[in-house]
Amino acid sequence: MGLYPRLEINLEVIQSNVITLLEQCKKWCIRPVFVTKGFLADFPLVKMLYEAEVRNFADSNLVNLLRIRTLFGQSARLTLIRLPMRGELETICEHNIIPFVSHWGALQDINAVAEEKKKKQKVVLAVESGDAREGFLPDELLRIGERVRELPWVAIEGVGSTLACLNGVLPNPVTMRWLIEFKEELGKKLGGQKIFLSVGGTTFIELWENEGNWNGVDEIRFGEAFLFGSDISRKRDINWLRQGAFTVWAEIVEVYSKRVAQDSVRGFDAFGGIASTSTWGQRKRALLALGKQDIDENQLYFPGEGVKIVGATSNYLVVDIEESEKDYRVGDVVGFRAGYGAVLRAFLSPYVEKVYVRKGEGVEDEEKFQGKTFSGSR
Ligand SMILES: *Cc1c(COP(=O)(O)O)cnc(C)c1O
């Protein structure tokens, strides 16, 4: 089998982010939870996290959490940050996984399953806080708060807020203060019980950067921060973390100067979209053996100059190289920096080889990224 496409993962960069974030969270008096959904809780990465003394993991897919449970046993605290499906409740209870919940009915179901297993089930109550994704409506949660005490097999661990996921609503100090008050109020409804407040993802980090400690916020969940060292919700790199841990390498399989036929009737592209006419002129184009099946082309970045990603189909990435000074040829292998969506897709694609490297090993090298040229010929 060929070596490409390949996703190269620099463990040293990620490890350094993990250590920095652990130290920072200690200073901020907050418990960090490492979100593993971006890499399917792949073994080399979770092992590195565990060796760095991370014990709090969260994922939106149950299979990933089960993998972590098998690896580290009960020493790991595991949160399912996607609302559970009914058919998952038994497994969740059996393996001591803490799900996010957003319906009274779900709490009742969980209570029933937990009673059957004679095993108290911990849950986090997700609360809607502005992004209009998952979560109880706050008023409803306060209303049912007292009734939750009627469910003897359900233990409320805390409340969880997630922002900037669907609609890009950013957290701000007002939201944070509201969440802290909300936690206190809900705790009272629950009979004076102490519950925690969990916020996520990476978008929340800026609030600690700006304000120092947040008394009353207990936990932060992040993935992007330690994997990419960035905060896409604000389109910024976090300057005290490292970037460039992920590189996608792909091979050029065609180079021609081509243009789109101007006089024929045009319909939609293979995915039902309408192509932008800005890329239709006579241009030198390279085709790479890498497609939507393997990556999200909107989250691939080519660090060199004069190269532009035109688009992708299922199995090709088309790159405009008209303005590049480098003479790209069939057989050349080029590297792209990959963002969250591209990395997730690469992990999900059986066609992409995953290769872990440390600095100095393999071809990936952070410094090379910061330079201008970034393409390796075989
Ligand atoms: C994905 C996710 C996170 C982590 O978000 P990042 O942007 O990767 O930091 C946190 N909480 C929930 C509920 C999520 O789905």
Side-chain angles (χ1 to χ4, degrees), residues 14 17-18 20-22 24-25 28 30-42 45-46 49 54 56-65 68 77-85 88 92 97-102 106 123-136 157-171 175-176 179 196-209 217-238 241-243 245-246 296 299 338-345 347-348:
I14 302 173
N17 286 344
V18 169
T20 307
L21 280 158
L22 284 170
Q24 201 51 256
C25 288
W28 287 333
I30 185 150
R31 172 172 69 198
V33 174
F34 288 74
V35 176
T36 54
K37 69 186 176 202
F39 53 96
L40 281 56
D42 201 30
L45 272 168
V46 285
L49 288 169
V54 170
N56 288 291
F57 299 89
D59 203 295
S60 45
N61 287 287
L62 192 50
V63 284
N64 295 346
L65 292 173
I68 301 175
R77 179 173 163 273
L78 306 180
T79 311
L80 179 64
I81 50 177
R82 192 245 305 122
L83 305 172
M85 295 182 272
E88 293 177 322
I92 286 170
I97 285 161
I98 307 167
F100 270 36
V101 181
S102 77
V123 301
V124 173
L125 302 175
V127 59
E128 169 55 44
S129 29
D131 203 39
R133 205 180 68 166
E134 84 280 24
F136 275 101
E157 283 257 283
V159 280
S161 162
T162 309
L163 286 176
C165 265
L166 179 64
N167 292 303
V169 171
L170 300 177
T175 320
M176 281 288 251
L179 281 167
F196 68 71
L197 171 59
S198 172
V199 298
T202 296
T203 185
F204 274 92
I205 285 180
E206 197 180 87
L207 276 100
W208 273 272
E209 290 175 300
V217 188
D218 309 279
E219 177 180 287
I220 183 166
R221 311 175 309 272
F222 47 67
E224 188 190 359
F226 77 94
L227 295 171
F228 299 91
S230 58
D231 171 4
I232 200 170
S233 71
R234 295 181 180 80
K235 287 257 161 92
R236 65 163 187 141
D237 284 342
I238 298 173
L241 293 174
R242 289 170 67 184
Q243 296 79 35
F246 297 92
D296 174 354
Q299 291 201 16
Y340 213 149
V343 167
L344 174 61
R345 193 87 60 87
F347 266 104
L348 286 166

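Remember, predicted model here, so these are calculated numbers, not experimental data. In each ligand, atom 1 is the first atom listed, and ligand 1 is the first ligand listed.
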Could you pull out the N/O contacts under 3.5 angstrom between ligand 1 and the surrounding protein atoms?
| unit_1 | atom_1 | unit_2 | atom_2 | d |
| --- | --- | --- | --- | --- |
| ligand 1 | 8 (O) | G223 | N | 3.3 |
| ligand 1 | 8 (O) | E224 | N | 3.0 |
| ligand 1 | 8 (O) | Y340 | OH | 2.8 |
| ligand 1 | 9 (O) | T202 | N | 2.8 |
| ligand 1 | 9 (O) | T202 | OG1 | 2.6 |
| ligand 1 | 9 (O) | G223 | N | 2.8 |
| ligand 1 | 9 (O) | E224 | N | 3.4 |
| ligand 1 | 11 (N) | R221 | NE | 3.1 |
| ligand 1 | 11 (N) | R221 | NH2 | 3.2 |
| ligand 1 | 15 (O) | K37 | NZ | 2.7 |
| ligand 1 | 15 (O) | R133 | NH2 | 3.3 |

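L207 pairs by the side-chain contact (heavy atoms from CB on, under 4.5 Å) definition with P171, P173, M176, F204, W214, R234, not counting sequence neighbours. Among residues two or more places apart in sequence or in another chain, the side-chain contact (heavy atoms from CB on, under 4.5 Å) test is passed with Q24 by K27, W28, W240. Not counting sequence neighbours, the partners of E88 by the side-chain hydrogen bond (donor to acceptor under 3.5 Å, both in side chains) test are R82.
Checking each of I30, L179, I220 against L197 for a side-chain contact (heavy atoms from CB on, under 4.5 Å) leaves exactly one that passes, namely L179.
Between F347 and F246, the ring-plane angle classifies as perpendicular under the 30° and 60° cut-offs.
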- Item | Residues D59, T36; criterion side-chain hydrogen bond (donor to acceptor under 3.5 Å, both in side chains); working and verdict | CA-CA 5 Å; D59 203 295; T36 54; 2.7 Å; yes
